[in-house]
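Every heavy atom of this structure was used, including side-chain atoms; hydrogens, water molecules and symmetry mates were not. Fair warning: this is a prediction, and the values are worked out from it, not measured in the lab. In this chain, numbering begins with 1 at the start of the sequence shown.
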Amino acid sequence: DAAKLNPRKMLFHVVDASTLGGLANATLRLRMSRDDTGIVESSSQTDAQGLCRLEVVTAWTGDFDYEVEAAREGYVAKAVRWSTKQGDDIDELPARWQLRLAKATKVGGLVRNEDGQGIEGVVVTVAEPFAPSGRESETLGNLPHEERTDASGRWSCGHLSERMEALAFTLAHPNYRRIGYFSGAL
């Protein structure tokens, strides 16, 4: 009913973790879920100062889970979460929140066939094998996170964190056997 759907705006400030300068054109993705209504998703962009207002629904009863993820090219995506599982009260969500994005580390590789030739069109899926926890965490962005090899078999991913402790890679192509492997810290 209308009394339970009481929207209010939260102000997010997305900044460079080193300089604390606002990051324009960062994408903020809001994902709200509640035990009896399913999932609601929306996204917005930050302005020239790195500010963005997102409308969230408060005054719900029951369990809830809110996640806001900020992403921008050249930076590591970061998510912030509020939920009943973390002991949060939906009526006490903060009016503003700052997300500090760290510069990303670029990784990549070359995928070759048995003859040493690069393979075009290989889908390289990158995943963190351990789910992030806590209020804030660095993420890979929208999942599954996929990159594709170019005509020479090269691929790259330009928004990984040097602090990610382990990554799982899966390589898939319709003409080859699917393969996966794990990597330690970057």
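Here Cys52 contributes atom SG and His13 contributes atom NE2; the two are 11.5 Å apart, rounded to the nearest 0.5 Å. Rounding to the nearest 0.5 angstrom, the gap separating the CZ atom in Arg177 from the CG atom in Leu171 is 11.0 Å. Distance check, rounded to the nearest 0.5 Å: CZ of Arg53 to OG of Ser44 gives 12.0 Å. A distance of 6.5 Å separates OG of Ser152 from CG of Leu110, quoted to the nearest 0.5 Å. With values rounded to the nearest 0.5 angstrom, Glu69 atom CD is found 8.5 Å from Ser137 atom OG. One distance of note links CG of Asp89 with CH2 of Trp82; it measures 14.0 Å at 0.5 Å rounding.
Using a 4.0 Å cut-off between charged nitrogen and carboxylate oxygen, Arg29 and Glu67 count as a salt-bridge pair. Using a cutoff of 4.0 Å between basic side-chain nitrogens and carboxylate oxygens, Glu136 and Lys78 are scored as salt-bridged. A salt bridge links Asp16 with Lys103: at least one charged nitrogen is closer than 4.0 Å to a carboxylate oxygen.
Between the Asp88 side chain and the Ser83 main chain, a donor and an acceptor come within less than 3.5 Å of each other. For Thr149 (side chain) and Gly121 (main-chain N/O), a donor-acceptor pair under 3.5 Å exists by modelled atom type. In this structure, the side chain of Asp115 does not engage the main chain of Gln117 through any donor-acceptor pair within 3.5 Å. Put simply, the side chain of Arg154 never gets that close to the backbone of Gly109: no donor and acceptor are under 3.5 Å apart.
When hydrophobic clusters are built by joining Ile, Leu, Val, Met, Phe, Trp and Tyr residues whose side-chain heavy atoms come closer than 4.5 Å, directly or via intermediates, Tyr176 is grouped together with Ile179. When the side chains of ILVMFWY residues are joined at heavy-atom separations under 4.5 Å, either directly or via intervening members, Val76 and Val15 end up in two distinct hydrophobic clusters. Neither Val123 nor Val107 shares a network with the other; the hydrophobic side chains, linked directly or stepwise wherever heavy atoms of I, L, V, M, F, W or Y lie under 4.5 Å apart, form separate groups for each. Both Ile119 and Tyr181 sit in one connected hydrophobic cluster of ILVMFWY residues. Membership requires side-chain heavy atoms under 4.5 Å apart, directly or through other members.
By the 4.5 Å heavy-atom criterion applied to side chains, Lys85 and Phe64 are not counted as neighbours. Side-chain contact between Asp65 and Met32 is absent, with no heavy-atom pair separated by less than 4.5 Å. The closest side-chain heavy-atom distance from Phe182 to Phe169 is not below 4.5 Å.
Enclosure of atom CD in Glu41 by more than 12 non-hydrogen atoms of other residues, nucleotides or ligands within 6.0 angstrom is indicated.
When all heavy atoms of Met10 and Pro94 are compared, the closest pair comes out as CE-O, 3.2 Å. Closest of all the heavy-atom pairs between Arg72 and Leu101 is N-CD1, 4.4 Å. Nearest heavy atoms, Ala77 versus Ala71: CB-CB, 4.0 Å.
Just one residue in the list Leu51, Thr46, Val80, Leu30 forms a side chain to side chain contact (heavy atoms under 4.5 Å, CB included) with Phe12, and that residue is Val80. Exactly one residue among Thr125, Val124, Val126 makes a side chain to side chain contact (heavy atoms under 4.5 Å, CB included) with His145. That residue is Val126.
Defined by atom type and a distance below 3.5 Å, a donor-acceptor pair is missing between the side-chain atoms of Gln98 and Arg96.
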